[in-house]
Amino acid sequence: MTDGIYTGKLVCFWRKQNAMGSSKVQRLSGMQKQVLSLFRGFLRAARSKSEEERRKIESIVSQEFRHNAKNVDRKNFLYIEYLLRRGNKQLDQLRNPGTTGLSSLQLHFSKTDYSDPSSKG
C-alpha cells in the first residue's frame with residue numbers, strides 16, 4: 001500500500017504477447033479475483049471518507065498491495081489466504097461509519113518468512 005495514490009482502473013486480464021504479435025488473454029485464478037475484489041473494496045470504502053482520509057487510505061492500500069505482490073511467493077496459498085482474511089476484516093472495519101481512517105503498521109520480515117512452509121525439509 002509506496003509510490004502514490006492509485007487512480008487508474010484495474011485490469012481484470014493480463015495480456016501476453018505471443019510470437020505472432022497477437023495478444024492472448026490469460027484468465028485470472030479464483031484467488032487473484034479475490035485479491036482484486038479486496039483491492040477494489042478498499043478503494044470503494046475510501047470514497048465514503050473525507051478527501052484527506054481518502055487519499056491516505058488509497059496510499060496505504062496501494063503500498064500494502066504492492067509490497068505483498070513483490071514479497072509474497074505466489075505459491076504460498078496459506079499465507080495469501082491469511083492475508084485475504086486479514087484484509088477482509090480490515091475492510092469491514094473501514095466500512096463502519098464510525099471509522100474515520102486507516103493506519104499502517106510497518107513490520108519488516110526476512111524473505112524466508114514469506115517462503116512456502118511445505119518446501120522446508
Side-chain angles (χ1 to χ4, degrees):
M1 305 181 172
T2 25
D3 53 353
I5 298 171
Y6 177 85
T7 58
K9 292 182 179 179
L10 286 175
V11 178
C12 292
F13 297 99
W14 284 277
R15 299 190 184 276
K16 289 185 175 181
Q17 295 293 325
N18 64 22
M20 300 293 284
S22 64
S23 62
K24 275 172 61 174
V25 176
Q26 180 180 357
R27 296 204 181 267
L28 299 178
S29 71
M31 195 171 289
Q32 288 171 322
K33 289 178 183 177
Q34 289 176 9
V35 170
L36 289 173
S37 175
L38 180 62
F39 185 78
R40 287 190 301 261
F42 274 108
L43 296 181
R44 284 188 196 107
R47 286 188 220 143
S48 67
K49 308 303 177 189
S50 71
E51 184 68 23
E52 181 181 343
E53 280 303 316
R54 182 183 62 81
R55 285 192 185 116
K56 286 180 186 177
I57 292 167
E58 288 173 348
S59 178
I60 291 169
V61 169
S62 177
Q63 180 181 359
E64 186 70 23
F65 273 76
R66 286 178 194 271
H67 172 78
N68 287 329
K70 180 180 172 186
N71 294 307
V72 176
D73 181 12
R74 291 179 181 199
K75 294 179 182 174
N76 191 348
F77 301 118
L78 290 175
Y79 189 66
I80 295 169
E81 288 172 349
Y82 159 75
L83 290 173
L84 282 168
R85 285 191 306 273
R86 191 180 84 180
N88 280 311
K89 287 179 185 178
Q90 290 172 335
L91 179 56
D92 287 342
Q93 290 175 343
L94 185 61
R95 286 179 177 153
N96 183 335
T99 303
T100 57
L102 187 68
S103 63
S104 174
L105 176 62
Q106 298 296 324
L107 299 175
H108 299 285
F109 295 103
S110 67
K111 292 243 184 217
T112 57
D113 289 338
Y114 295 110
S115 64
D116 185 1
S118 63
S119 66
K120 293 181 181 176

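Predicted model only: the values in this text are computed from it and were never measured.
- Counting only heavy atoms from C-beta outward, the side chains of Q93 and N96 never approach each other to under 4.5 Å.
- Contact check for Y79 versus D73: no side-chain heavy atoms found under the 4.5 Å cut-off.
- Taking the side chain to side chain contact (heavy atoms under 4.5 Å, CB included) definition, one finds that E81 meets it with M31, L78, R85, sequence neighbours left out.
- Of all heavy-atom pairs spanning I57 and A46, the tightest one is CG2-CB, 3.7 Å.
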Next on the checklist: Run N88 and Q34 through side-chain contact (heavy atoms from CB on, under 4.5 Å) and show every step you take.
Outcome noted: CA-CA 10 Å; N88 280 311; Q34 289 176 9; over 6 Å; no
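- For E52, the salt bridge (Lys or Arg N to Asp or Glu O under 4.0 Å) test picks out K56, with sequence neighbours left out.
- Residues S48 and A45 approach most closely at OG-O, 2.8 Å, considering heavy atoms.
- The CZ atom of F65 lies 9.0 Å from the CG atom of L83; values are rounded to the nearest 0.5 Å.
- Not less than 6.0 angstrom separates the ring centroid of F39 from the ring centroid of F42.
- Partners of R95 under the salt bridge (Lys or Arg N to Asp or Glu O under 4.0 Å) rule, at least two apart in sequence or in another chain, are D92.
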Checklist entry - Can E58 and V61 be said to form a side-chain contact (heavy atoms from CB on, under 4.5 Å), step by step? => result CA-CA 5 Å; E58 288 173 348; V61 169; 5.9 Å; no
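- Between the side chain of S62 and the backbone N or O of S59, no donor-acceptor pair lies under 3.5 Å.
- For Q32 (side chain) and S29 (main-chain N/O), a donor-acceptor pair under 3.5 Å exists by modelled atom type.
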